[in-house]
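Below: the structure, in structure tokens.
Each residue takes its place number in the sequence, starting with 1. One-based numbering, in listed order, for ligands and for the atoms of each.
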Amino acid sequence: MSLHFIHEFNPGRVIFAAGARTQCAPELDRLGVARAIVLSTTQQADLAAEFARTIGSRAAIIYPGAAMHTPVEVTRSALEAARSVNADGILSIGGGSTTGLGKAIALRTDLPQLVVPTTFAGSEMTPILGQTEAGIKTTLRSPKVLPETVIYDPDLVTTMPPSIAGPSGMNAIAHSVEALYARDLSPISLFMAEESIRALGSALPRAVKDNRDKTAWSEALYGAWLAGICLGTVGMALHHKICHTLGGTFNLDHAGIHCLMLPFTTAYNRSAAPDAMRRTAAALGDEDAPAALYDLMQRLGTHRSLRDFGLSESDLDLAADLAVANPYWNPRPIEREGIRGMLQAAWEGRMPEVGSAA
Ligand code: NAD
């Protein structure tokens, strides 16, 4: 790699430790927040209530209504709740959906955010927000949505069942795999991407196998943090675009579709990004990146083919058309025939051939 790069650091404060959840009150004080809106999904309402108790009078209202893909109608209702108590800050407890709602509120109000992630999605480290209106998901970048403070407490991710933890971890690996062939990579993003694939690849299978293995959960969360930084720092390509298209068009689980597609998108790019392939394979202790990712997907995923997600074979033509509709940069040019072939392999759940380009 020639030493010619631009690297932009996103500002933000990160606290990482088992038990760090107890730091919420002092961190809110540090941000000058006295009346926070506490956000979560419905499923994590009890956890949000527990955090609200911990921060005492700093919790002005709890809004346990976050939903996947940040629907704007949910944002409007949460904004109303925030205004009803004159909230001066946001405390988001949960995965990417809850973080997304906090970011959507911050975009419209500029309120400071304290985020306590409970999945491996990595959204808390990015100035990116995806929002859905009338079934269409659009993505924007703005420094306004970047959280001011993030508390990573590995104890909080251990409650994910394997069906959530496995795909969520693969979602994080996907950020780092695409960072390795990004046009705007720098030596530091390269380092973080490799290190995150190594940490996640080693720790995730151990964590989902034994929920009490605290070292594994901690290492996986560390890898997810690095992957989130990569996602927030460099541009993504085919993998993220096609997951966005498939997820949005067929209303599929975000982490689940990332988990399934990663071996196939990596195989599509294999011949065009040899250095990224070598680094990914090495970080996973293997010789072939798509094969190593396929193996991980088989061990960690809940769906092993697009067919398992309920897609019919005829849906693949629409998916291929949508995937090539808005051109974007990718190491290997986006060609409809190749994309359709890749989708066919993913629909069948067929292992990408070692050494082939698709
Ligand atoms: P999620 O936040 O929707 O969580 C999935 C489910 O797991 C939810 O029901 C949630 O309540 C539950 N859950 C979360 N943590 C848990 C825990 N510790 N124990 C038990 N259950 C738990 O899913 P996600 O994959 O984290 O996030 C997906 C969303 O995040 C999508 O909308 C995606 O677009 C967005 N995202 C955005 C970015 C970004 O940079 N903007 C990055 C990654 C993901």
Inset, instruction - Between Met160 and ligand 1, find which residue part has any heavy-atom pair under 4.0 Å and reply side chain, backbone, both or neither. - result: both
Legend entry - His254 ring center within less than 6.0 Å of His258 ring center: yes
Legend entry - Atoms in ligand 1 with a heavy atom of Lys137 nearer than 4.0 Å: 32 (O), 33 (C), 34 (O)
Legend entry - Where ligand 1 meets Gly95 - atom numbers and elements under 4.0 angstrom, heavy-atom basis: 2 (O), 26 (O)
Legend entry - Part of His254 with heavy atoms under 4.0 Å of ligand 1, whether side chain, backbone, both or neither: side chain
Legend entry - Donor-acceptor contact present, side-chain Ser168 to main-chain Ala165, <3.5 Å: no
Inset, instruction - Report yes or no: does Trp347 contribute a side-chain atom to a donor-acceptor pair with the main-chain N or O of Leu311 at less than 3.5 Å? - result: yes
Inset, instruction - Please confirm whether the backbone N or O of Gln113 pairs with a side-chain atom of Glu148, one donor and one acceptor, at under 3.5 Å? - result: yes
Legend entry - Contacting atoms of ligand 1, where contact means under 4.0 angstrom from a heavy atom of Leu231: 40 (O), 42 (C)
Inset, instruction - Measure from atom 37 (C) of ligand 1 to every heavy atom in Gly228, Ser97, Ser123 and give the option owning the shortest one. - result: Ser123
Legend entry - Contact partition for Thr70 relative to ligand 1, non-hydrogen atoms under 4.0 Å: neither
Inset, instruction - Look only at the side chain of Asn171 and the backbone of Pro167, and say whether a donor-acceptor pair between them is shorter than 3.5 Å. - result: no
Inset, instruction - Could you tell me the residue and atom name of the protein heavy atom closest to atom 24 (P) of ligand 1, and the distance to it rounded to 0.1 Å? - result: Gly96 N, 3.6 Å
Inset, instruction - Using a strict 4.0 Å threshold on nitrogen-to-oxygen distance, state whether Arg198 and Glu195 make a salt bridge. - result: yes
Inset, instruction - Specify the protein heavy atom at minimum distance from atom 32 (O) of ligand 1: its residue, its atom name, and the distance to 0.1 Å. - result: His69 N, 2.9 Å
Legend entry - For atom 4 (O) of ligand 1, closest protein heavy-atom neighbour: Thr119 CG2, 4.3 Å
Inset, instruction - Starting from atom 23 (O) of ligand 1, find the nearest protein heavy-atom neighbour and note its residue, name and distance. - result: Met68 CE, 3.7 Å
Inset, instruction - Answer yes or no: is there a donor N or O on one side and an acceptor on the other, between the side chain of Asp155 and the main chain of Ala18, under 3.5 Å? - result: no
Inset, instruction - Look at the side chain of Arg332 and the backbone N and O of Ala272, then say whether any donor-acceptor pair between them is shorter than 3.5 Å. - result: no
Legend entry - Side chain Arg35, main chain Asn86, donor-acceptor under 3.5 Å: yes
Inset, instruction - Measure the distance from atom 43 (C) of ligand 1 to every protein heavy atom, then report the residue, atom name and distance (to 0.1 Å) of the closest one. - result: Ala121 O, 3.4 Å
Legend entry - Backbone N/O of Gly19 and side chain of Thr22: donor-acceptor pair under 3.5 Å: yes
Inset, instruction - Among all protein heavy atoms, pick the one closest to atom 41 (N) of ligand 1 and tell me residue, atom and distance. - result: Ile128 O, 2.9 Å
Legend entry - Sub-4.0 Å atoms of ligand 1 with respect to non-hydrogen atoms of Thr41: 10 (C), 11 (O)
Legend entry - From Thr98, Thr159, Ile164 - option closest to atom 19 (N) of ligand 1 by heavy atom: Thr159
Inset, instruction - Using modelled atom types only, decide if a donor and an acceptor are shared between the side chain of Asp153 and the backbone of Arg21 within a distance under 3.5 Å. - result: yes
Inset, instruction - Please report which non-hydrogen protein atom sits nearest to atom 25 (O) of ligand 1, along with the residue it belongs to and the distance in Å to one decimal place. - result: Ala255 CB, 3.9 Å
Legend entry - Basic-acidic side-chain contact under 4.0 Å: Glu219, Lys214: no
Legend entry - Winner among Gln44, Lys103, Met236 once heavy atoms are compared against atom 22 (C) of ligand 1: Gln44
Inset, instruction - Identify, for atom 15 (N) of ligand 1, the protein heavy atom at the shortest distance, and state residue, atom and that distance. - result: Thr118 OG1, 2.7 Å
Legend entry - Short N or O distance, Leu156 and ligand 1, threshold 3.5 Å exclusive: yes
Inset, instruction - Give the numbers and elements of all ligand 1 atoms closer than 4.0 Å to a heavy atom of Thr126. - result: 39 (C), 40 (O), 41 (N)
